[in-house]
J.: 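I have a structure I would like to understand better, so I am pasting it below and will then ask my questions one at a time.
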Amino acid sequence: MKLLSIDTSNYSLGVALLDGNQVIGEYITNIKKNHSVRVMPAIEALMKDCDVKPSDLSKIVVAKGPGSYTGVRIGVTIAKTLAWTLNIPLTGVSSLEVLAASAGRYFEGVISPVFDARRGQIYTGLYQFSEGNLITKNKDQLVLSKDWAAELKERSDKVLFIGNDLPLHRKTFEEIIGTQAVFAEITEHNPRPAELALLGRDKEAEDIHSFVPNYIRLAEAEANWIKANKEKIRK
């Protein structure tokens with residue numbers, strides 16, 4: 001059973017191939033370049049290097065957000081197209097869940113993956129590994145980093161913070177949580193597409209046509225349009 005995983009939900013671009021219990025290939029970059037022109041060549045190069053043909057694939061797994069609106073759309077669109085064309089299952093996995101799995105497998109406390117959402121806000125959730133399985137303790141959400149830190153301070157366990165956007169909010173966590181906060185090393189901040197493949201391997205398939213990204217909130221332009229056209233929409 002060969003799975004292809006795709007993550008373009010943030011600056012990091014990742015694709016991986018999982019064959020049963022073996023990661024046979026993984027590609028990751030963390031640069032500010034357009035995913036729309038890079039992701040398909042990355043997939044093609046990885047599959048070629050691993051001697052995997054499209055017809056060999058049995059499932060597509062994609063990071064479904066939250067994250068960059070454009071990035072999430074790109075990954076989901078490509079994943080849906082591949083799954084539909086190849087007539088194979090498609091599974092979506094939370095982008096935050098992927099990040100939590102990428103470094104917290106042997107951490108004894110809880111894991112808080114962090115994506116910056118501007119204006120002091122973050123996308124985050126709370127996860128914990130239990131007997132090798134990643135458990136969601138608090139669902140993915142949009143929240144002010146200071147409010148999230150205050151909520152976590154009420155807990156007794158250590159909190160592992162992880163993500164490339166962590167430096168933007170680290171001071172807030174340090175000031176409010178103190179020694180309860182643990183910060184992942186810089187080598188652990190990129191979401192691992194191999195972890196994405198593993199997480200999605202045993203999850204149920206989505207309906208390809210109705211599957212949509214999980215943005216958590218509307219893009220600012222969309223929200224402003226709805227606000228400006230509220231009366232028209234009601235009519």
J.: Which value, rounded to the nearest 0.5 Å, describes the distance between Ser210 atom OG and Asp207 atom CG?
T.: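 So the gap between those two atoms works out to 3.5 Å.
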
J.: Would a distance-only check, ignoring hydrogens and angles, find a side-chain to backbone donor-acceptor pair under 3.5 Å from Ser145 to Ile122?
T.: no

J.: Taking C-beta and beyond as the side chain, do Lys2 and Lys59 meet within less than 4.5 Å on heavy atoms?
T.: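 No, every pair of side-chain atoms sits at 4.5 Å or beyond.
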
J.: Only pairs at least two apart or in different chains count here, so list each ring pair (Phe, Tyr, Trp, His ring centres under 6.0 Å) that has a residue in residues 178-201.
T.: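 Matches after skipping sequence neighbours: Phe161-Phe183.
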
J.: Go through it in stages, so that I can follow the logic: the residues are Tyr11 and Ile31, the test is side-chain contact (heavy atoms from CB on, under 4.5 Å), and I'd like the CA-CA distance, side-chain angles, deciding distance and then a yes or no.
T.: CA-CA 6 Å; Tyr11 281 156; Ile31 52 179; over 6 Å; no

J.: Between Asp7 and Ser9, does any side-chain donor sit less than 3.5 Å from a side-chain acceptor?
T.: yes

J.: Taking Leu196's backbone N and O only, do any of them form a donor-acceptor pair with Arg201's side chain (distance below 3.5 Å, no angle check)?
T.: no

J.: Can you tell if the side chain of Ile74 reaches within under 4.5 Å of the side chain of Arg38, non-hydrogen atoms only?
T.: no

J.: For the pair Lys139 and Glu97, evaluate salt bridge (charged side-chain N to carboxylate O under 4.0 Å, His left out) and give the outcome as yes or no after the intermediate values.
T.: CA-CA 10 Å; Lys139 68 178 183 179; Glu97 185 179 357; over 6 Å; no

J.: Report yes or no: does Thr124 contribute a side-chain atom to a donor-acceptor pair with the main-chain N or O of Pro113 at less than 3.5 Å?
T.: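 Checked: pair present.
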
J.: Should Asn164 and Asn10 count as side-chain neighbours, where that means a heavy-atom distance under 4.5 Å?
T.: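 No, too far: nothing below the 4.5 Å cut-off.
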
J.: Taking a hydrophobic cluster as the set of Ile, Leu, Val, Met, Phe, Trp and Tyr residues connected by side-chain heavy atoms closer than 4.5 Å, whether directly or through intermediates, do Val159 and Val182 fall within one such cluster?
T.: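 Unlinked, Val159 and Val182 end up in two clusters.
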
J.: Over all heavy atoms of both residues, which pair between Gly200 and Thr91 is shortest? Give the atoms and the distance, please.
T.: O-CG2, 3.9 Å

J.: Just wondering, do Trp148 and Ser112 contact through their side chains at under 4.5 Å, heavy atoms?
T.: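 Sidechains of Trp148 and Ser112: in contact.
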
J.: Filter on ring pair (Phe, Tyr, Trp, His ring centres under 6.0 Å), then keep only pairs touching residues 35-68, sequence neighbours left out; what's left?
T.: none

J.: Please assess Arg73 against Thr8 for the test side chain to side chain donor-acceptor pair (under 3.5 Å), listing each intermediate value before the final yes or no.
T.: CA-CA 8 Å; Arg73 282 192 186 109; Thr8 61; over 6 Å; no

J.: Taking atom CD1 of Ile186 as the centre, does the number of heavy atoms from other residues, nucleotides or ligands within less than 6.0 Å exceed 12?
T.: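 No, the 6.0 Å shell around CD1 holds no more than 12 heavy atoms from other groups.
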
J.: Do Val212 and Leu82 land in one hydrophobic cluster if side-chain heavy atoms of ILVMFWY residues count as linked below 4.5 Å?
T.: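 No, it is not one cluster - the side chains of Val212 and Leu82 are not joined through contacts under 4.5 Å.
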
J.: Between Ala83 and Leu90, which heavy-atom pair has the shortest distance, and what is it?
T.: CB-CB, 3.8 Å

J.: Is any side-chain heavy atom of Thr81 less than 4.5 Å from a side-chain heavy atom of Ile78?
T.: no

J.: Just wondering, are more than 12 heavy atoms of other shown residues or ligands nearer than 6.0 Å to NZ in Lys158?
T.: yes

J.: CG/Asn30 to CG/Asn190 distance, rounded to the nearest 0.5 angstrom?
T.: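 Rounded to the nearest 0.5 Å, the CG-CG separation comes out at 4.5 Å.
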
J.: Which heavy atom in Leu142 sits nearest to a heavy atom in Ala117, and how many Å separate them?
T.: CD1-CB, 3.5 Å

J.: Taking C-beta and beyond as the side chain, do Val98 and Leu199 meet within less than 4.5 Å on heavy atoms?
T.: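 Counting from C-beta outward, Val98 and Leu199 do come under 4.5 Å.
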
J.: Can you tell me how far CG of Leu144 sits from NE2 of His169, rounded to the nearest 0.5 angstrom?
T.: 10.0 Å

J.: Applying salt bridge (charged side-chain N to carboxylate O under 4.0 Å, His left out), which residue pairs with at least one partner in residues 60-71 are found, sequence neighbours left out?
T.: none

J.: Considering only distance and modelled atom types, tabulate donor-acceptor pairs under 3.5 Å from the side chains of residues 126-136, sequence neighbours left out.
T.:
unit_1	atom_1	unit_2	atom_2	d
Tyr127	OH	Asp140	OD1	2.6
Gln128	NE2	Gly109	O	3.3

J.: Under 3.5 Å, is there a donor-acceptor pair linking the side chains of Gln121 and Asp116?
T.: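 Short answer, no.
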
J.: Before giving the answer on side-chain contact (heavy atoms from CB on, under 4.5 Å), spell out for Val52 and Leu57 the whole-Å C-alpha distance, their side-chain angles and the decisive distance to 0.1 Å.
T.: CA-CA 8 Å; Val52 174; Leu57 298 175; 4.1 Å; yes

J.: Assigning hydrophobic clusters by single linkage (Ile, Leu, Val, Met, Phe, Trp, Tyr; side-chain heavy-atom cutoff under 4.5 Å), is Leu13 placed with Ile60?
T.: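 Same cluster.
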
J.: Going by heavy atoms in the side chains, are Leu96 and Val114 under 4.5 Å from each other?
T.: no

J.: Applying a strict under-4.5 Å side-chain criterion to I, L, V, M, F, W and Y, I'd like to know whether Ile28 and Val15 cluster together.
T.: no

J.: So which heavy atom on Val72 is nearest to which on Pro66, and how close?
T.: CG2-C, 4.2 Å

J.: For the atom pair CE (Met47) and CG (Asp56), what is the distance rounded to the nearest 0.5 Å?
T.: 7.0 Å

J.: Between Glu151 and Asn138, is the side-chain contact (heavy atoms from CB on, under 4.5 Å) condition met? List the steps.
T.: CA-CA 11 Å; Glu151 181 178 338; Asn138 289 48; 3.2 Å; yes

J.: Any donor and acceptor pair, going by atom type alone, linking the side chain of Gln180 with main-chain N or O of Arg155 inside 3.5 Å?
T.: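 The answer is yes, because a donor-acceptor pair under 3.5 Å joins these two groups.
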
J.: Which distance, rounded to the nearest 0.5 Å, do you find between the CD1 of Ile162 and the CG of Leu99?
T.: 4.5 Å

J.: Which atom pairs, donor and acceptor, lie under 3.5 Å between side-chain atoms of residues 171-178 and protein residues at least two apart or in another chain?
T.:
unit_1	atom_1	unit_2	atom_2	d
Glu174	OE2	Arg170	NE	3.0

J.: Can you measure from CG (Leu3) to CG (Asp19) and round to the nearest 0.5 angstrom?
T.: 9.0 Å

J.: Of all heavy-atom pairs between Leu46 and Glu26, which one has the smallest distance, and what is that distance?
T.: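 Minimum heavy-atom separation between Leu46 and Glu26: CD1-N, 3.6 Å.
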
J.: Assigning hydrophobic clusters by single linkage (Ile, Leu, Val, Met, Phe, Trp, Tyr; side-chain heavy-atom cutoff under 4.5 Å), is Phe211 placed with Tyr69?
T.: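 Yes, Phe211 connects to Tyr69 through the hydrophobic network.
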
J.: Does any non-hydrogen side-chain atom of Val93 lie less than 4.5 Å from one of Val61?
T.: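 Contact flag for Val61/Val93 side chains = yes.
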
J.: Please give me the minimum heavy-atom distance between Pro193 and Pro191, naming the atom from each residue.
T.: CD-O, 3.3 Å

J.: Do side-chain atoms of Ser95 reach the backbone of Gly67 as a donor and acceptor pair under 3.5 angstrom?
T.: no

J.: Provide the full list of ring pair (Phe, Tyr, Trp, His ring centres under 6.0 Å) pairs with a residue in residues 95-124, sequence neighbours left out, each pair given once.
T.: none

